[in-house]
Amino acid sequence: MKMRTLHAAVLGLALGAAAPAMADLTIISFGGAAQQAQEKAFYQPFTQATGIKIHPGEYNGEQAKIKAMVMAGNVTWDLVEVESPELVRGCEEGLYEKIDFTKIGNKADFLPQAVNECGVGIFVWSVALAYDADKLPQAPTSWADFWDVKKFPGKRGLRKGAKYTLEFALLADGVPPQDVYKVLATKEGVDRAFAKLDQLKPHIQWWEAGAQPPQLLASGDLVMSAAYNGRIHAAQQEGKHLKVVWNQSIYDIDSWAIPKGDPNKAQALEFIRFASQPERQKAFSREISYGPTNLKALDGLDPKVLGELPSAPQNLAVALPMNTEFWVEHGEELEQRFNSWAAK
Amino acid sequence: MSDFAASASAIDGADPDLKRRMRRAERRRNLAYFALILPLALLVLVAFVWPIASLLVRAVENEGIHDNLPQTVAALRAWDGPELPDERVYRLLADELAQAKGTPKLAAIATRLNREEAGLRSLVMKTARHLPLPADVSAKEALIAIDPAWGEPPIWKTLKRAGHPFTAFYLLAALDLTVDAHGHVALAPPQERVYLDVLGRTFWMSFNVTLLCLLLGFPVAYLMAILPVNRSNLLMLFVLLPFWTSVLVRIAAWIVLLQNEGLVNRLLLSLGLIQSPLPMLFNRFSVYIGMIHILLPFMVLPLYSVMKGISPVYVRAALSLGCPPWRSFWTIYFPQTIPGVGAGVLLVFIMCMGYYITPALLGGPKEQMLSYFIAFYTNQTINWNMAAALSAILLTATLLLYAVYALRFGPTRVKFMKAR
């Protein structure tokens, strides 16, 4: 009997001690240079400020993992970084918690695309033409140059998938940026994009992971590649002489989302609020050249840092925003056609 | 078993009590056997048969419409074009869409219809935004006012077709087939065809890898079988060492070796054999190299185990009777290795059929096999129906192949074992 009360007392003590301490947060992003920047700009300061430990993890954007978790009612990821089409689709399908923006900040401070029903923008990134300035005597300036194998002989890198690739093909074919998605929504437009890709097919080296283009450019396997601008910037920091062409680049936003049924939703929201503050966003953009979603973070940012960001006004002016609605609608059909085309 | 039956019949007509006792003993023994295999049987059932079966059911399941729009689907059953359905159907659809609005149900409906025809997703979403309708208006007119597409019969045909609880849509799509507007099965348009090619490629690449593994593995196994034990053990170590290394490590090693600035190219360049780097990575060549490297032990080991059991006496007898060496190998030795060849070929071939990671990392888009597309649909687009349909095709192909193997090699092997 005595033993039992003792046990109960110990147990009670343990529970009592555990209750006030907050649960740890598991945060999943795409890994690589961007996650290292998040570690420094968001995770470490957050742990210092709140005492909540963070377990970082990575994935490759596979929504299937989140769907399986939500369906099984066993959500172990508290926050995930998702791209816009996946956010919209996942929100409609009930994979993500709805977010009360009053807990995050003032809506008006953010880029309009960064405010969503189920997500809050983390940063603005872009896919742009990148090249090794040591290997090319003349700088390419547009996707038309990317397609010009006479002027710039050698292999080119494109992401293995329909997204961005079809847009670039139409841009190279002379479609004005504002009409790209209008043309791509028609059957003739899709045929036109694939016909343009046919011209370049023998010269294309496909890549899947964002880390590949800077490597392949630096090793001389590629002369030019479509690449995430932050990856190129990270390679520049390491002394590689890679350059980004902002003209005709495509930009989009990665967002935080909370899988439905997450037991630590309150802390996850608190983390999003913390990471969305101008100071944190500024720190992130200093680590890697992805743009802040909180517009206040642009104030007082070093012009040199600013010039390398997709959201710098001069870069935004010549870029094309990714059309999320278009890809949610046509993604499956176009990826199927792309697979069919690429496999032949 | 047959011995037992024979002895049981031998005592037919003898003491009936003894017979009963024997039968009871036999039953008890069978029960014991059964109890011994029960854990494994349960494991196979729970961890293998059940999940695979429940996954394969998804290949024909047609969720999305009939579960979320049950009344509309029921009402559409009586309708069969070409004129538009009546007001009641429009009203049911409007009501059910209004109910689904704001829930994952609406997304399920939209996603399913969008698979039939891209563009229907936004139609559903747009329609739902205008719902619910007031009770006193014509639902037909209201829906057509929201989008004229509701005033055309094709959308209703699509809705009816997608509303069946089961569908062959995914299985047909996995064989590059579609159902055309008249309800006939037809080949998909050429720019959308891919899986038949990929299935053929999966077979062709598996066949080549298996053949090369056999050609490379046979001499090694033979050497191991005839060498003295200490030397054959060393050889065995060389076979097994890569076997114990992680597949990913070995693939990464091949990337380092074969890339443009890799060891092989640099060596060839410095020797002056080539002027510019040979493209050896991300093509058929690198995939074959990687796959053969990984699968070779699966060929060598069964071959070796069979060869080890073949007595050298037969070949020696043939040679001493004047049969030329090649012929005595071919007619005396080789037939005895057939069970090993069969086992090795089957093992390697079936493993090849499901290969995913090696072609994904070492190949380009032209080297991807069926598993790549299963992973694509599972992870990227979360179209699990399509993933299940492709899995069903792959499983069927593999089982057919196994049936052929069992017919060809099964009885021989049994005869061989009986003879021993």
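First the proteins, then the strands, lettered A, B, ... as listed; each starts at 1.
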B:Met386 portion near chain A, given a 4.5 angstrom heavy-atom threshold: neither
Write down the atom of A:Asn339, the atom of B:Val194, and the distance for their closest heavy-atom approach. O-CG2, 4.1 Å
Quick check: are there more than 12 heavy atoms from other residues, nucleotides or ligands sitting under 6.0 Å from NZ of B:Lys105? no
Side-chain contact, heavy-atom cut-off 4.5 Å: B:Gln191 with A:Phe194? no
Can any side-chain N or O of A:Glu329 pair as donor or acceptor with the backbone N or O of B:Gly119 at less than 3.5 Å? yes
For A:Lys201, does the NZ atom sit with more than 12 other heavy atoms under 6.0 Å from it, leaving out its own atoms? yes
Select one option (side chain, backbone, both, neither) describing which atoms of B:Thr103 are under 4.5 Å from chain A's heavy atoms. backbone
Most heavy-atom pairs under 4.5 Å with chain A, out of B:Gln368, B:Met125, B:Glu367, B:Glu117, belong to B:Met125
Within this structure, what is the CD-CZ distance for the pair A:Glu333 and B:Arg115, rounded to the nearest 0.5 Å? 13.5 Å
What part of B:Ala110 gets within 4.5 angstrom of chain A, counting heavy atoms only: side chain, backbone, both, or neither? neither
May I ask you to check whether A:Glu332 and B:Asn114 show a side-chain donor-acceptor distance below 3.5 Å? no
Is it the side chain or the backbone of A:Glu86 that comes within 4.5 Å of chain B heavy atoms, both, or neither? neither
Only pairs of heavy atoms separated by less than 4.5 Å count here; which of A:Lys67, A:Glu335, A:Glu325 has the most with chain B? A:Lys67
Minimum heavy-atom distance between B:Pro104 and A:Gly94, given as atom pair plus value: CG-CA, 3.8 Å
A:Gln215 vs B:Gln259, test: side chain to side chain contact (heavy atoms under 4.5 Å, CB included). Steps then yes/no. CA-CA 12 Å; A:Gln215 278 167 16; B:Gln259 64 193 358; over 6 Å; no
So which residue, B:Val198, B:Asp176, B:Asn260, B:Thr111, ends up with the most heavy-atom pairs under 4.5 Å with chain A? B:Asn260
A:Val88 versus chain B, the contacting section by heavy-atom distance below 4.5 Å: side chain
Before giving the answer on side chain to side chain contact (heavy atoms under 4.5 Å, CB included), spell out for B:Ile382 and A:Arg89 the whole-Å C-alpha distance, their side-chain angles and the decisive distance to 0.1 Å. CA-CA 11 Å; B:Ile382 338 189; A:Arg89 214 178 296 150; 5.8 Å; no
Where on B:Pro277 is there a heavy atom nearer than 4.5 Å to chain A: the side chain, the backbone, both, or neither? neither
Chi angles and distances behind the side chain to side chain donor-acceptor pair (under 3.5 Å) call for A:Gln336, B:Tyr377: CA-CA 10 Å; A:Gln336 155 85 21; B:Tyr377 280 114; 2.6 Å; yes
Answer with side chain, backbone, both or neither: which region of A:Lys155 has an atom nearer than 4.5 Å to a non-hydrogen atom of chain B? neither
Please report the closest heavy-atom contact between A:Ala342 and B:Pro365, naming both atoms and the distance. O-CB, 3.4 Å
Can you tell me which portion of B:Leu281 sits under 4.5 Å from chain A's heavy atoms? Options are side chain, backbone, both or neither. neither
Contact origin within A:Glu93 toward chain B - heavy atom pairs under 4.5 Å: both
Whether the side chain of A:Lys344 engages the backbone of B:Arg193 through a donor-acceptor N/O pair (distance < 3.5 Å, no angle test) should be reported. yes
